[in-house]
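These notes are about the structure you will find just below.
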Amino acid sequence: MSGLIQARNLQRAARADEPARRAALDGLYRAWRTEISDHFDDEKRLLLPLTADADLRDRLLDEHRVIRELV
């Protein structure tokens, strides 16, 4: 859930002034370190073995890679 909140905050901050953008980035970094990165690791550890569809596995891994690179 925190990741969705951070995404919303970043979208709103994109139209705001620099202090608001910096605050949104700080919030993202804080959430990344305390929750989101671990959530990604849990998804890979728990969901990938249960996903029979190779396309879905590839999509999950690709989306996680892109988001990690962006953060």
Residues forming a side chain to side chain contact (heavy atoms under 4.5 Å, CB included) with Asp38, sequence neighbours excluded: Asp41
Arg21: side chain to side chain donor-acceptor pair (under 3.5 Å) partners, not counting sequence neighbours: none
Results of side chain to side chain contact (heavy atoms under 4.5 Å, CB included) for Asp17 - residues two or more places apart only: Pro19, Ala20
Validation row: Leu48, Leu60 side chains within 4.5 angstrom (heavy atoms): yes
Test side chain to side chain contact (heavy atoms under 4.5 Å, CB included) applied to Asp42 and His39, Lys44, Arg45, the passing residue: Arg45
Set of side chain to side chain donor-acceptor pair (under 3.5 Å) partners for Asp53, sequence neighbours left out: none
For Gln11, side chain to side chain contact (heavy atoms under 4.5 Å, CB included) partners two or more places apart: none
Residues which pass side chain to side chain donor-acceptor pair (under 3.5 Å) with Ser37, listed by chain and number, not counting sequence neighbours: Arg68
Residues clustering with Leu70 (ILVMFWY side chains joined when closer than 4.5 Å, directly or via others): Val66
Under the salt bridge (Lys or Arg N to Asp or Glu O under 4.0 Å) test, residues paired with Arg15 that sit two or more places apart: none
Residues in salt bridge (Lys or Arg N to Asp or Glu O under 4.0 Å) contact with Arg57, at least two apart in sequence or another chain: none
Partners meeting salt bridge (Lys or Arg N to Asp or Glu O under 4.0 Å) with Asp55 (sequence neighbours left out): none
Connected-component partners of Ile36 among ILVMFWY, side-chain separation under 4.5 Å: Leu10, Leu25, Leu28, Tyr29, Trp32, Phe40, Ile67, Val71
Neighbour count above 12 (heavy atom, 6.0 Å) for Arg8 CZ: yes
All salt bridge (Lys or Arg N to Asp or Glu O under 4.0 Å) counterparts of Glu63, not counting sequence neighbours: Arg59
Euclidean distance, Asp26 CG relative to Asn9 CG, rounded to 0.5 Å: 12.0 Å
